[in-house]
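For reference, the structure is listed below as structure tokens.
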2 protein chains.
Amino acid sequence: MSRILVVDDEKDIVELVSLHLQREGHEVVSVGNGLAVLPMAVKTAPDLIVLDIMLPGIDGVQVHRRLRADTRTRHIPVIMLTARAQTNDRIAGLESGADDYLTKPFSPRELMLRIGAVLRRSQKVVMLAEQRIGEFLLDRKNMSLSISGKLVELTITELKLITTLMANPDVIHSRSELLSAVWGYADDTHSRTLDTHIKRLRDKLGDHGRHIGTLRRQGYLFQSVVGELTDA
Amino acid sequence: MSRILVVDDEKDIVELVSLHLQREGHEVVSVGNGLAVLPMAVKTAPDLIVLDIMLPGIDGVQVHRRLRADTRTRHIPVIMLTARAQTNDRIAGLESGADDYLTKPFSPRELMLRIGAVLRRSQKVVMLAEQRIGEFLLDRKNMSLSISGKLVELTITELKLITTLMANPDVIHSRSELLSAVWGYADDTHSRTLDTHIKRLRDKLGDHGRHIGTLRRQGYLFQSVVGELTDA
DNA sequence: TGTTTGGGTGACGAGACTGTGACGGCAGGA
DNA sequence: TCCTGCCGTCACAGTCTCGTCACCCAAACA
């Protein structure tokens, strides 16, 4: 299911862990030398790294830092294995920003559970850095909107509003949905707040404000095509 | 190289276009019936669709709308083929939000050029919807930052600032770089503006403010690990 | 046609946000 | 040790932003 890189110089541990991981359907890559971790991680692009803090030559924290410093390995979650005796390692493991840690000796079952948890947690959700609908270009990276290449100056509220609408163009967004997405309100569907911001947004968009449609008693929507409202 | 769906009821055109596309290393799928476009697009997930506006039964604009209305095909760029005689189609092709259009008859070379341009333009840049560094969780979707699950209320300026810093943790961001990224300033490296916002940000982060480090005469950085400054 | 309901619009005041200048302090170099 | 340059900190005033209210208008409905 996932590819996991196990870093430990103790062959027994590597074998034990590998066995359990493979039994759960994971692919295992292993390395015993700390200096080989980064190259191996780059080469195999694992979904998770199990990293022993005690390694000959270079310690795990250093290895972890190098992984974090490299763009290619930065996003890979790491579970630290620390020795029971060294309480400091425990702290180091956490402080170094590892996604989780485990104290040796550990039960394979616990490691499996933690790996499962971290993998679940690290299911990265990707989004488009830029979204283009007709003349509209939403730049999520720079948190800005431009129309036909011209930057439109929006306040944070307006930006959140149009971002929500543009996330699903031609789909009706109810008042409560928008209030929830932009303001975090539970319901309160009565005030004029939403209407006012819709108006401000439309004004700033000028002619293109027509892309924001109203469906009476239903909500608002961003229309990718202006004209009559889509019959959807 | 790319998979391209060609939609036209004229077999000559389909063959001509296919020939040229294949010559450039593209994979070609074709459909003659407008109603079959959406299912085919869903099935084959092409990187681009060349769509004739004149189709028997259902016209290209309608087909385009359906493609746009479906989440699975929404992001696929479309090049419209319009007939010379119908000037209105030309406008319809543009207004419908097609990524480009071409008037029949066209030279295969021009179509190839436009396809190349659209493909290049549509190389979607993906980003992580959430970025996690230690206790920090940057939610780009909701434009918010939380630390250990607790939401930190930031102004738009502060948010842009920490977003920029967190985009490349443990990397020094010069004053001019930050001023440019957050404020769009060209240089103006002298005012206290940046310092003030850095301070406000640190204050709001509380203890975690220590993650924002200062490198005298060099700039600021987001440290994934607190303690001494990284020697990088 | 009259009534009801829901959205559009404009104005306004409270409060938030921002950029700046003054000043102090620390670090690095002479 | 002193000096200089750079950053931290603070206070402040101007501006922006936001939510609300009152009122108007149009659509839906009886």
Side-chain angles (χ1 to χ4, degrees), chain A residues 143-145 152-165 172-207 209-223 228-229, chain B residues 143-145 151-165 172-206 209-223 228-229:
Chain A
M143 297 189 259
S144 67
L145 173 78
V152 182
E153 306 247 356
L154 297 180
T155 70
I156 183 69
T157 308
E158 289 154 3
L159 192 58
K160 281 183 180 174
L161 187 52
I162 197 160
T163 299
T164 308
L165 290 172
I172 303 175
H173 301 255
S174 69
R175 294 180 147 260
S176 54
E177 186 187 334
L178 293 170
L179 285 167
S180 157
V182 177
W183 286 271
Y185 289 175
D187 26 46
D188 182 9
T189 175
H190 275 295
S191 81
R192 301 282 85 212
T193 304
L194 177 57
D195 308 59
T196 303
H197 282 280
I198 287 281
K199 160 146 177 61
R200 286 173 182 157
L201 193 47
R202 281 176 175 151
D203 287 350
K204 286 199 183 175
L205 299 182
D207 268 355
R210 294 190 303 142
H211 277 271
I212 300 178
T214 307
L215 273 300
R216 203 179 167 84
R217 289 189 46 80
Q218 297 185 76
Y220 296 95
L221 85 171
F222 184 94
Q223 301 167 238
E228 294 89 277
L229 294 185
Chain B
M143 298 189 257
S144 68
L145 174 79
L151 191 71
V152 182
E153 306 248 358
L154 298 181
T155 70
I156 183 68
T157 308
E158 289 154 3
L159 192 58
K160 282 183 181 174
L161 187 52
I162 197 160
T163 298
T164 307
L165 290 172
I172 303 175
H173 300 256
S174 69
R175 292 181 150 260
S176 54
E177 185 187 335
L178 292 170
L179 285 168
S180 158
V182 178
W183 287 270
Y185 290 175
D187 28 43
D188 181 11
T189 178
H190 275 296
S191 82
R192 299 286 85 204
T193 303
L194 177 56
D195 308 60
T196 302
H197 282 278
I198 287 282
K199 159 146 176 64
R200 286 171 182 157
L201 192 46
R202 280 175 175 151
D203 287 351
K204 286 200 184 175
L205 299 181
R210 294 190 302 144
H211 278 271
I212 299 178
T214 307
L215 274 300
R216 202 181 169 82
R217 288 190 45 79
Q218 297 186 76
Y220 296 94
L221 86 171
F222 184 93
Q223 300 166 243
E228 297 88 277
L229 294 185

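Chain letters run A, B, ... following the sequence lines, proteins first and then strands; every chain starts at 1. Predicted, not measured: the structure shown is a model, and the values here were computed from it. Scope of the values below: all heavy atoms of this structure, side chains included, with no hydrogens, waters or symmetry mates.
Projected onto DNA chain D by closest heavy-atom contact, B:Arg217 and A:Thr193 fall at different nucleotides, the more 5' of which corresponds to B:Arg217. When each of B:Trp183 and A:Arg216 is assigned the nucleotide of DNA chain C with its nearest heavy atom, A:Arg216 is the one assigned upstream, toward the 5' end. The nearest heavy atom of DNA chain C to A:Gln218 and to A:Lys199 marks one nucleotide each, and the one closer to the 5' end goes with A:Gln218.
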>> Assess the residue pair B:Thr214 and B:Arg202 against the criterion (side-chain hydrogen bond (donor to acceptor under 3.5 Å, both in side chains)); give the C-alpha distance rounded to whole Å, side-chain angles, the decisive distance to 0.1 Å, and a yes or no.
In response: CA-CA 11 Å; B:Thr214 307; B:Arg202 280 175 175 151; 2.6 Å; yes
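Note on B:Asp195 versus B:Arg192: salt bridge recorded, some NZ/NE/NH1/NH2 to OD/OE distance being below 4.0 Å.
With hydrogens and angles left out, the side chain of A:Arg192 and the base of C:dG8 share a donor-acceptor pair within 3.5 Å. In terms of polar N and O atoms assigned as donor or acceptor, the side chain of A:Arg175 never comes within less than 3.5 Å of the base of C:dG7 in a complementary pairing.
Nucleic acid contact for B:Ile198: none, since no nucleic acid atom lies under 4.0 Å from a heavy atom of the residue.
Taking the side chain of A:Tyr220 as heavy atoms from C-beta on, and the options C:dC17, C:dG8, D:dT9, the nearest nucleotide is C:dG8. Taking the side chain of B:Arg200 as heavy atoms from C-beta on, and the options D:dC12, D:dG8, D:dT20, the nearest nucleotide is D:dC12.
Applying the side chain to side chain contact (heavy atoms under 4.5 Å, CB included) criterion to A:Thr163, with sequence neighbours excluded, gives A:Leu138, A:Arg140, A:Leu159, B:Met143.
Within the structure, every side-chain polar atom (N or O) of B:Thr196 is placed at least 4.0 Å from both OP1 and OP2 of D:dC10. Listed pair B:Thr157 / C:dT18 meets the phosphate criterion, a side-chain N or O lying under 4.0 Å from OP1 or OP2.
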